[in-house]
Each structure stands twice: as C-alpha cells, then as structure tokens.
There are 2 protein chains.
Amino acid sequence: MTRSARRSEGTRGTRQARSDKSREQILLAALDLALEHGYQGTTMAAVSASSGLPIGSVYWHFKSKEQLFVALLEHCYTAWMELHSGPEGLRRKLSRGIAGLSGADPEHYTKEEALLKAAAVWALSRQLGGLGEDNEVRAAYLRMRVEMFKVDVERITESLPADVVERFPDLPAKLTVLSLALTDGFYVHANSDVHLELDFAEYADMAARALEGLVDDYARRAAGERT
Amino acid sequence: MTRSARRSEGTRGTRQARSDKSREQILLAALDLALEHGYQGTTMAAVSASSGLPIGSVYWHFKSKEQLFVALLEHCYTAWMELHSGPEGLRRKLSRGIAGLSGADPEHYTKEEALLKAAAVWALSRQLGGLGEDNEVRAAYLRMRVEMFKVDVERITESLPADVVERFPDLPAKLTVLSLALTDGFYVHANSDVHLELDFAEYADMAARALEGLVDDYARRAAGERT
DNA sequence: GTCTATATGAGGATAGAC
DNA sequence: GTCTATCCTCATATAGAC
C-alpha cells in the first residue's frame, strides 16, 4: 500500500487494479513455490514463470528476492493473526500443529500457516535454507515470531486453571515452548518421504496427553500446597 | 579403505599415510563447516581453504561434494553407533538430545552427533538445505536413520517395564517418535539466535516428565486390566 | 507497468603441469 | 597425490525498448 502514487482520475483505477493483481499473482506463486522448494530452492525465474509474469515485472513489484519474501511473510503473518484470534487450548494447538500436517484437515491448515512453519525452520537455523545473519527475511520473521509467541502464550494461559497459572506464572510460556518444539519436530518429519507411515492424529493425541499430564502434576502441586 | 592400490614396499607407507591424513583433514574441515553453515552453505572452496589443501586435492579424494558429505555422514554414523551401544532410557535420551544442545555437556555431545541432527533436518525436509529427491547424501542419511531408529527403539524398550511393553508392543516406537520430534524441535530452536534464553536442561526435564507420565498411564492401564 | 536481453557473480567441477 | 588455472552452469539482478 505504500507504493505507486495516485494516478490520474478517470481511469477508474484499472491500471492500479491490474498492478495489484500482478503483485498478488506473484505473491501467490511465490507461496506455492516456497512451500515446495524452500527459500533457496525458489528461484526468481520460477516465480516469474509460475506467476505468468516476466522477470522484469517481478523485479518491478519487489526490488529483490529478499523483499519478495518479506512481503510474503507479512501476508502470511496477517492471515495467521486472524486465524488465531479466537480461544485455543493446548490440545487444539497440538492437534492443528501436528495432525494438520497430514493434510487430513486441509481447510483448517492453510498454506499461510504452513509457510510460517517452514519459515521457522529457515530462519531459526542459520545454517539451513540460506537465511544468513543479516538477511532481511530472517529479521522480519524473527520479529513476527515474537508476536506470535505472545499470542500463543495468551491462548494457553486462558486455557489453564487460574489457580495453576497463579502458582506457576511461567508455566504457560514453558508449555508453549514444548508445544512449539513438538510441532516443529513433527513438521520436520512430515516433510520427510520416509513417513514410517506416521499417524499424525494419534501422535497429536499422545502429545496432548503428555502435556496435559504435566499440567495435572502442577495442578496437584498447587492444590497440595493449599491444604 | 576401498581406495588407493597397495604401493611399493620400502616407503614405509609414508605416502599412504600422508594421503590418509589429507583425507581426514578434509573430512574434519567439512564437519566444522557443515555444522556452522549447513550443506548448501558449505562450499568446496571453503573446505579447501579450511583444510589447507587446494581444491584439486579435495576433488582427488572425493569425486564430488555429494560424495564428500556421504563420507562425512558415514564417519558420524560410525561414531554414533559406538556411543549409543550402551543402555539408554527415555530420560537420558532426552537429556542428551535437548540439554546437550546448550553446549553445557560438551564432552558428551560430540560434533558427530550434532552433524547427524543437522542432517536430519537437511535430509528430512526436501525443501531445506538443498537435498533434493535424488541426492545421494539424502539417500545415505535415510538409510542410516532407519538403523539409528531401530537402536533407539531397542534402548527405549529395554528401559520400560516388561509388562507394559508386552501389553503395548508398539509403545516404545511411539515414544521414540515423540522423543525424536522433541529433540528435533529443540534442535531448531537451539540454532536460533533468539534463544529467548531457554534453559535447555529444564526443558529436557519437563519433556522427560511428560513422556514418563505417559508411560505411567499405560502402566496403569496394563495393571488395571490384570485385576 | 510490462517485457526482452544481458550483465554479473558465485559455486561446482575439470585439465593438466608438476 | 598435489596444485593452479580455468570452464560451465545457473541464479540474482539490471538496462532500456515499448
């Protein structure tokens, strides 16, 4: 929205609309390609071919590959925030994060969410995917991650018994970290070809039970101290 | 060991020894670089520079970058198998896998183990690190992974109560998957710069408690059915 | 704003002297 | 076996016509 000056009236915004459409085409093409091939694996030539627009146009809309991916992340981040504004406990979060990987729950696990998962691995592992120290994509992702983590912690906090949270104030954050580690770990496995035929739904359930058991332990401790 | 024909006697193996030493230098340089920069990020030029040998020598010892990494994986796999031949329960496995990441336990968490963790992410996620479908490094790793998984399951099986294993025969494998997912997930986080100051030892403990709680559930179910 | 042709640079790999 | 110089491919990015 910060780009392209207001053009003359009378064109009914047609030119602008066409430009916006091109921009979106490029973004959507990049989304698909990035999911399939990752950051390094996605070439600007492929984005150009897949979007149907010539390479020059791609570079007209995005001044570099890095900027293209920053814009892509912003697009996905916005979508994520809308999706996760509602209540969401541990079990649901693990279910979405793990079971969602199998593709069994397609309408709930969007491409945008999937890309953010992918970006987690790109950005968090310097050594992977080519996001070096001073990469703008990496920096943008890390900023977003902090915000998403906060939202996750809020949702988990809401879903726990108030007395447990009061007694163990940093439990929600810790559970969020464990939950993220689990979903990230399964994400890696899900992108393997050697699935070993994992039943992700079952693992999501096991993971949820494991963390819920942990919560029960803390709840018992909180209750025990009160007597 | 399959390379270079027996040379004439009288040289006391000096030439051979020098060649072997060069080979090892290259391998060790590649190990360090791969840990730091990953597969794509490790250039043959860098390996050459870091090992002190010219690029031509690197290509004399290893016919391609892929072959170099296959050899590197084999080196690490051998080391891993030696390390994990002894008994090892869930808690110890998680402790090594998660707490070991912090570098707090340096003598126990070797570079070779670290490289295999890295390779897990390279190889399992096609879209990352550039290990495409028909990459020999990927294929080699997947073969090794199957073997390492078997060893993991054996160790977990040994560490569980016999009656529980008898009642739930695939529980060890499932716990192994969960344990791997957790360690892989934390590996991703550990390689982030944004540690959020995670206390890996504490998380290793929480993860162990969570999985042990799961085992207790199954143990109770097994016991309950018996009465 | 859109498109074609091309510059530039990096990285894997080879040739061939020593 | 070791080393230097060089080739080839491919991906990012730009120039400039339309």
Side-chain angles (χ1 to χ4, degrees), chain A residues 3-8 11-27 29-30 33-34 37-70 129-132 134-137, chain B residues 3-8 11-27 29-30 33-34 37-72 129-132 134-137:
Chain A
R3 37 191 319 289
S4 80
R6 183 73 64 254
R7 65 258 162 256
S8 67
T11 60
R12 270 166 294 133
T14 313
R15 237 206 286 273
Q16 176 69 25
R18 251 191 82 191
S19 176
D20 284 354
K21 198 186 163 206
S22 292
R23 187 184 148 91
E24 196 186 331
Q25 275 176 5
I26 295 166
L27 233 29
L33 287 168
H37 304 291
Y39 179 74
Q40 301 228 52
T42 299
T43 68
M44 293 301 261
V47 172
S48 159
S50 179
S51 68
L53 275 71
I55 187 83
S57 294
V58 176
Y59 276 98
W60 189 89
H61 286 283
F62 305 94
K63 86 168 213 290
S64 70
K65 182 178 178 178
E66 283 192 19
Q67 286 307 311
L68 168 60
F69 273 77
V70 168
L131 300 192
D134 52 352
N135 182 296
E136 290 184 52
V137 181
Chain B
R3 37 194 316 291
S4 81
R6 183 73 64 255
R7 67 262 162 248
S8 67
T11 59
R12 268 168 296 134
T14 313
R15 235 205 289 272
Q16 177 68 25
R18 252 191 82 191
S19 176
D20 284 353
K21 196 185 165 208
S22 292
R23 188 184 148 90
E24 196 185 333
Q25 275 175 5
I26 295 166
L27 233 29
L33 288 168
H37 304 290
Y39 179 74
Q40 300 228 48
T42 300
T43 68
M44 293 300 263
V47 171
S48 159
S50 179
S51 69
L53 274 71
I55 186 82
S57 294
V58 176
Y59 276 98
W60 189 90
H61 286 283
F62 305 94
K63 88 169 211 290
S64 69
K65 183 178 179 179
E66 284 192 18
Q67 286 307 311
L68 169 60
F69 274 76
V70 168
L72 181 56
L131 300 192
D134 53 351
N135 182 296
E136 291 184 52
V137 182

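In the text below, chain A, chain B and the rest are named by the order of the sequence lines, each starting its count at 1.
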The side chain to side chain donor-acceptor pair (under 3.5 Å) partners of Gln67(B) (sequence neighbours excluded) come to Glu136(B)
Between Lys63(A) and Leu53(B), whichever has its closest DNA chain D nucleotide further toward 5' is Leu53(B)
CZ of Arg23(B) to CG of Leu53(B), rounded to nearest 0.5 Å, is 13.0 Å
Who are the side-chain contact (heavy atoms from CB on, under 4.5 Å) partners of Leu27(A), not counting sequence neighbours?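 Per chain and number, Leu27(A) pairs via side-chain contact (heavy atoms from CB on, under 4.5 Å) with Phe62(A), Leu68(A), Ala71(A), Leu72(A).
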Check your understanding: Picking from dG1(C), dT2(C), dT2(D), which would you name as closest to the side chain of Ser22(B)?
Key ->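 So the nucleotide nearest the side chain must be dT2(D).
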Among the nucleotides dT14(D), dT2(D), dA5(D), whichever has the atom closest to the side chain of Ile55(A) is dT14(D)
For [X] and [N], give me the distance from atom [atom1] to atom [atom2], rounded to whole Å.
| X | N | atom1 | atom2 | value |
| --- | --- | --- | --- | --- |
| Leu33(A) | dA11(D) | CG | C1' | 14 Å |
| Lys21(B) | dT2(D) | NZ | P | 11 Å |
| Ile26(A) | dG1(C) | CD1 | P | 12 Å |
| Phe62(B) | dG1(D) | CZ | C1' | 14 Å |
| His61(B) | dA13(C) | NE2 | P | 17 Å |
| Arg18(A) | dC3(C) | CZ | P | 7 Å |
| Gln25(A) | dG1(C) | CD | C1' | 13 Å |
| Arg23(A) | dT2(C) | CZ | P | 12 Å |

Q) Are any side-chain N or O atoms of Ser50(A) and backbone N or O atoms of Ala46(A), one a donor and one an acceptor, separated by less than 3.5 Å? A)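 Flag not set: sc Ser50(A) to bb Ala46(A) has no pair under 3.5 Å.
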Note, Ser64(B) side chain near Met44(B) side chain (heavy atom, < 4.5 Å): no
Produce the list of close N/O pairs, under 3.5 Å, pairing protein atoms with atoms of nucleotides 8-12 of chain C; give distances to one decimal.
residue	atom	partner	partner atom	Å
dG12(C)	OP1	Lys65(B)	NZ	2.8
dG12(C)	OP2	Met44(B)	N	2.8

_Show the nearest heavy-atom pair for residues Glu66(A) and Asn135(A), with the distance to one decimal._
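What the structure gives for the nearest pair is OE2-ND2, 3.7 Å.
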Please report the closest heavy-atom contact between Ile26(B) and His61(B), naming both atoms and the distance.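 Answer, listing the atom of Ile26(B) first, then His61(B): CD1-CD2, 3.7 Å.
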The residue, Pro54(A) or Glu66(B), whose nearest nucleotide of DNA chain C is more 5′ is Pro54(A)
Can you check whether Ser57(B) has a side-chain N or O nearer than 4.0 Å to OP1 or OP2 of dG1(D)?
no
